[in-house]
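Before any comments, here is the structure.
Residue numbering restarts at 1 for every chain, and letters A, B, ... go by the order of the sequence lines.
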Amino acid sequence: MSTAFGPQLAACPGCVAAPNGAVEQAPTEARLALSLPSIHCQACISTVERGLNAVPGVRSARVNLTLKRALIEADPEVRALDLVPVLEQLGFEAHELDLSALGATETDRAGRELLMRLAVAFFASMNVMLLSVSVWSGASDATRDMFHWISAAITFPAILFAGQPFFRNAWQALRVGRLNMDVPIVLAIVLALVTSLWETSLSGEHAYFDAALTLTFFLLAGRYLDHRTRAVARSAAEELAALEVPRALRLDEAGQPAEVAVADLAIDDRILVRPGGRMPVDGVVLDGQSELDRSLLTGETLPVFAEVGSLVSAGEVNLTGPLIVRATAVGAESSLHQLADLVAIAESGRSRYTSLADRAAKLYAPGVHILSALAFLGWYLFTFDMRVALNIAAAVLIITCPCALGLAVPAVTTAASGRLFKKGMLIKHATALERLAEVDIVVFDKTGTLTNGNPQCDDFDQLSLPDQRLAYALAQGSDHPLSVAICRAAEQAGIEPALLTRQEEIPGFGTEGQHGGQRVRLGRAAWVGAAPGQKTAAYLDRGDGAPQALTFSDSLRPGAAAAVEALQAAGKDVWLISGDTEGAVSEVAGRLGIQNWMASALPQDKCDQVSALSSAGHRVLMVGDGLNDTAALATAHVSISPASALDAARVASDIVLLGQDLAPIAEACNVAQKATRRIRENFRIATLYNVIAVPLAVAGLATPLVAALAMSTSSITVSLNALRLR
Amino acid sequence: MSVLTYLIPISLFLGGVGLVGFLYTVRSNQYDDPEGDARRILSDEWDDHPKP
């Protein structure tokens, strides 16, 4: 697609922090971003930076190896498209990124804030712990009081700063009358601080300043882990979206094409779609003949013929000839977006899934409060001493406080997502791993998921050598996928093309030329005068009136066979549901050993089939890439789409497969099951520790030393258990 | 015991220096590209600080 990249004149967030006045220069420079998937070492960084800096107009270029991305500051007239070939010459694959879609990942403000709070909580808890250790090891009287007062002086400002995320969340929950995990946390922290201050002012023996701080520290660590996992997934997902820079060629009144953003198109605009381009809108063909690849929308592999008056839908790929299209539906009304409603309905159903952590919190929060209130009441009635009763109530809240619960899930999901990310899988949804662990049926789409959507010529070898050479020569004249497949087969066989004269491509039909005084053709059945067969085929007319058929089948994606085999070995049912014709689907199903398959499925059929399986009590994993899969992806218990999928499909799915290989899917199910097992184990550890510690606290035996020991051990056990996943 | 009047402020001060140092590294974008920074050390081209 030929695109122009408008200079991004955004002030860079880094400049704000920089001391020099770089911000003032912003309007005169362009900021560009390139994705560099293949860089991996120091030499790559130097080569890329040196190469980019040598381009005239580039002011500075810096590679970020973690994000595999280059950020370039340049004169406004430099365009990303000019830089891509430079890098390709240096041997690096480069793709233009839409900076405005990346915006949010530029500075990770929330993450940075959490990190600062974590640092403050760590600093304060270490210092207070030093003082507390002196108290526990025997400091008494005035010394102890002084240590307590110093602890208080450190603790109050530190908690005020570091505890803000919890205070905010708890307040938000309380305002709407709900209880969440943060409410007991805040209550425990506040109660611990108040009773400790009270005790200190009465020069009492026990103060919980260290407990309040370590609690904050451990919980912030959990939050930070959680945030990091999501941030990595989000930035990768945004990068996927930024890779598509949507542009269209609009014809003005004089018939001159001008490049505009797809968002600016209106109904009745005339749009030029070049061969290889994607339809930006729904519309009617005004001029031109071509073939359309509908595989992403319907799952058919065979291109569809389009001529004046044909209806086209957004997302279809124009294959052979230029088309002028009058837009009938744009943006949100186009068929690309119409399935959004279906998706929205299905999504609302899915959000009813509550994660293990939420279910635990729902039981936990009221339980702890009731227990602590009962302890307070019991001790008050027993001793009629407010101070003792309040101290014990605070001890119960602190010792039951969900350090381990707060770490149990984030630590495990971080370890699991990290492991899957290395294998090329991106976990988008917070509960995706838990849902993936429950799957017992896997439904695959065919075109673009199990297969590449690239046809392979099956019987090229059966042609006679002159015919092969002729077919090769004719195929070279076209970019049609079938022609490309013939060229590939011919190159593998090491054949020279025949000599042709007056070769031309007839858009929508095929190519023809003159060979040895005869007209030869390669193209559709009707055009060369052959009877169309069942399979995907092109026909070669050697000028003798007896066209020769060349049949094609779709090549399997790498890892497809391994993935299906591994899933079946793990005891899961594998289904294949496709919009393609019966012949093509049964052939692929046969090759992969899939017993359950369904052909010619409309988007609604796929969705219905998935809901039927779900209501029969199965947990369905849907793997698909096209618009026709979108509703099914959203309906399924959990869904995976490859990175090559349409944006709508990627949005609807929980997990995105970054590479070409399908094999990680089986691995992901395995990791998810292990992760869920670890989470449950962690909850069991936390419960066990509560079973031991709570009676101690209620009995009034929990000194600050016991609380600190119990709290740290449980948190560390839980984190170590999570690390076993790596 | 009077030694405490020196030691406690000193320990707090030293801890505070560490904290301030860490906050400075966070604020000056030193955690933006940990992988790249680890490898840039091998480069002959001096690259003292990230470009703004």
- Message: Within the structure provided, determine whether B:Arg40 and A:Val63 are in side-chain contact (heavy-atom separation under 4.5 Å).
- Response: yes
- Item | Residues, nucleotides or ligands: over 12 heavy atoms within 6.0 Å of A:Phe92 CZ | yes
- Which residues pass the side chain to side chain contact (heavy atoms under 4.5 Å, CB included) test with B:Val26, sequence neighbours left out? A:Arg112, A:Leu115, A:Met116, B:Phe22, B:Tyr31
- Relative to chain A, which segment of B:Ile41 carries a heavy atom at a distance below 4.5 Å: side chain, backbone, both, or neither? neither
- Query: Distance from B:Leu12 atom CG to A:Leu131 atom CG, nearest 0.5 Å?
  - Reply: 7.0 Å
- Message: Does A:Arg419, at its CZ atom, have more than 12 non-hydrogen atoms belonging to other residues, nucleotides or ligands within less than 6.0 Å?
- Response: yes
- Message: Given heavy-atom pairs under 4.5 angstrom as the criterion, report whether the side chain, backbone, both or neither of A:Ile39 touches chain B.
- Response: neither
- Gap between atom CG of A:Asn127 and atom CD1 of B:Ile8 - 0.5 Å precision: 10.0 Å
- Give, as side chain, backbone, both or neither, the part of A:Phe122 having an atom under 4.5 angstrom from any heavy atom of chain B. neither
- Item | Distance in Å, B:Glu35 CD paired with A:His40 NE2, rounded so as to fall on 0.5 Å steps | 11.5 Å
- Give, as side chain, backbone, both or neither, the part of B:Leu19 having an atom under 4.5 angstrom from any heavy atom of chain A. side chain
- Could you tell me the separation between the CZ atom of A:Arg62 and the CG atom of B:Asp33, rounded to the nearest 0.5 Å? 7.0 Å
